[in-house]
Number of protein chains: 2
Amino acid sequence: MATTTAAQRREQARVEYDAFLKNCPTNQLLDRISDKWVGLVVSALATGPMRYSDLGRKIAGVSPKMLTQTLRSLERDGLLTRTVTPSVPVRVDYELTPLGASLSGLLSAVKDWAETHFDEVHRAREAHDAETA
Amino acid sequence: MATTTAAQRREQARVEYDAFLKNCPTNQLLDRISDKWVGLVVSALATGPMRYSDLGRKIAGVSPKMLTQTLRSLERDGLLTRTVTPSVPVRVDYELTPLGASLSGLLSAVKDWAETHFDEVHRAREAHDAETA
DNA sequence: CCGTATCCCATTCGATACTG
DNA sequence: CAGTATCGAATGGGATACGG
């Protein structure tokens with residue numbers, strides 16, 4: 001009788017799963033850039049550099065926490081640059097790198113899709129709900 | 001001195017914020033399609049219809065719960081169809097609608113971007129971590 | 001075979017308040 | 001102005017077990 005059935009199998013599965021994720025780094029990156037705030041920040045910066053508070057105002061609904069967190073993450077990934085100007089009220093500008101700009105185009109396309117097809121989705125949703133109800 | 005400063009201002013801000021979100025439904029939809037599993041499922045279905053368990057195997061890491069949840073959500077939004085064939089072992093096929101297919105193209109582009117630029121991101125990340133450390 | 005229902009933990013996120 | 005720190009609520013998501 002083995003002490004090792006369910007628990008070991010799960011352990012095993014976990015290891016395999018981790019290995020898969022490591023071999024498939026695309027998923028990680030894809031998950032990152034699929035983040036809600038990432039999309040909004042990158043879109044906001046598409047038209048040019050912006051200051052921290054400008055971003056906060058333009059995005060309208062983001063907390064300082066999430067804004068900072070998202071910006072830091074994007075900076076780390078080389079998608080944008082953070083420039084501090086040590087004037088009396090400190091000034092910090094964020095700007096897309098070429099890499100970030102290339103992604104920006106794609107995310108904007110997705111955003112445009114959402115705007116264009118929102119009606120269709122909304123109607124589909126109502127129709128579906130009507131059936132289900 | 002008013003009994004109504006901070007609390008009322010927050011209430012007010014909340015109302016305005018809600019109104020904004022309602023006027024800006026794009027964000028909601030954008031958030032939906034930015035979901036991790038949505039991207040994977042839509043990508044998986046890009047090449048043609050698939051059965052439930054095929055999807056589960058192809059995505060490799062998704063729990064039945066999330067798979068069902070994602071599929072239902074996409075069905076509700078009119079991005080895919082669910083076809084039940086009541087044979088003895090039940091057979092269920094999922095297939096993108098034209099609407100879903102149009103989104104699929106965009107998400108595939110994003111996925112391709114992730115694959116193409118993963119190296120760059122990875123290097124940027126290491127460089128950044130080296131500085132910070 | 002195709003799910004659904006439940007439990008439950010971990011993470012996320014928003015709100016708030018405070019600092020350089 | 002540009003954040004950081006902390007807390008609590010909400011959510012996501014995996015494991016598991018069961019129904020059709």
Side-chain angles (χ1 to χ4, degrees), chain A residues 5-18 20-21 27-28 31-32 34-41 49-75 80 82-94 132, chain B residues 5-18 20-21 27-28 31-32 34-41 49-75 80 82-94 132:
Chain A
T5 26
Q8 265 210 354
R9 290 253 293 278
R10 292 202 282 117
E11 179 68 17
Q12 176 74 5
R14 172 155 216 92
V15 169
E16 284 172 7
Y17 176 59
D18 287 351
F20 170 77
L21 284 186
N27 285 355
Q28 303 174 349
D31 198 20
R32 276 277 162 84
S34 291
D35 180 68
K36 175 185 180 182
W37 300 119
V38 167
L40 293 172
V41 166
M50 274 202 176
R51 301 178 58 174
Y52 180 85
S53 50
D54 290 335
L55 282 169
R57 239 170 288 112
K58 178 158 188 176
I59 292 180
V62 66
S63 61
K65 178 185 174 181
M66 292 316 297
L67 186 53
T68 299
Q69 188 175 308
T70 304
L71 288 168
R72 289 289 196 278
S73 155
L74 291 175
E75 186 195 6
L80 56 78
R82 178 172 176 270
T83 310
V84 181
T85 308
S87 44
V88 178
V90 189
R91 177 197 177 97
V92 182
D93 288 275
Y94 293 92
T132 311
Chain B
T5 28
Q8 265 208 355
R9 290 253 292 280
R10 290 201 285 120
E11 180 67 18
Q12 176 75 4
R14 171 154 217 92
V15 169
E16 284 172 7
Y17 175 60
D18 287 352
F20 170 78
L21 282 187
N27 285 357
Q28 304 174 347
D31 199 20
R32 276 277 162 83
S34 291
D35 179 68
K36 174 185 180 181
W37 302 119
V38 167
L40 292 173
V41 167
M50 274 202 177
R51 301 179 59 173
Y52 180 85
S53 48
D54 289 336
L55 283 170
R57 238 170 289 113
K58 178 158 187 175
I59 292 181
V62 66
S63 60
K65 178 186 175 181
M66 292 316 298
L67 186 53
T68 299
Q69 194 176 98
T70 304
L71 288 168
R72 289 289 194 274
S73 155
L74 291 175
E75 185 194 6
L80 55 79
R82 177 172 177 271
T83 310
V84 182
T85 307
S87 41
V88 179
V90 189
R91 178 199 175 95
V92 183
D93 288 275
Y94 293 94
T132 312

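Remember, it's a predicted structure, so these values are computed and weren't measured experimentally. Letters A, B, ... are given to chains in the order of the sequence lines, protein chains preceding strands, and every chain is numbered from 1.
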**OP:** Give the rounded distance in Å between these two atoms: CG of A/D54 and C1' of D/dC1.
**Re:** 11 Å
Original post:
Who are the salt bridge (Lys or Arg N to Asp or Glu O under 4.0 Å) partners of B/R57, not counting sequence neighbours?
Top reply: B/D54
Original post:
When the nearest nucleotide of DNA chain C is assigned to B/V92 and to A/Q69 on a heavy-atom basis, which residue is associated with the more 5' position?
Top reply: B/V92
**OP:** For B/V90 and for A/V90, find the nucleotide of DNA chain D with the closest heavy atom, then tell me which residue's nucleotide is more 5'.
**Re:** A/V90
Original post:
With respect to the side chain of B/M66, which nucleotide from D/dG13, C/dG14, C/dC1 is positioned closest?
Top reply: D/dG13
Original post:
Among pairs that include at least one residue of residues 83-92 of chain B, which meet side-chain hydrogen bond (donor to acceptor under 3.5 Å, both in side chains), considering only residues two or more places apart or in two chains?
Top reply: B/R91-B/D93
**OP:** Would you mind reading off the distance between B/K36 atom NZ and C/dT12 atom P, rounded to a whole angstrom?
**Re:** 11 Å
Subject >> Partner set under side-chain contact (heavy atoms from CB on, under 4.5 Å) for A/S63, not counting sequence neighbours >> reply: A/K65, A/M66
**OP:** Please list, chain by chain and in numerical order, all residues satisfying salt bridge (Lys or Arg N to Asp or Glu O under 4.0 Å) with A/R72, sequence neighbours excluded.
**Re:** none
Original post:
What is the distance, rounded to the nearest whole Å, between atom CG of A/L71 and atom P of D/dC1?
Top reply: 16 Å
Subject >> Atom-pair distance (CH2 on A/W37; C1' on C/dC13), nearest Å >> reply: 9 Å
Original post:
Got a sec, which residues hit salt bridge (Lys or Arg N to Asp or Glu O under 4.0 Å) with B/D31, two or more places apart in sequence or on another chain?
Top reply: none
Subject >> Where protein sits on nucleotides 4-10 of chain D, one letter per nucleotide: B base, S sugar-phosphate only, - none, heavy atoms under 4.0 Å >> reply: B-BB---
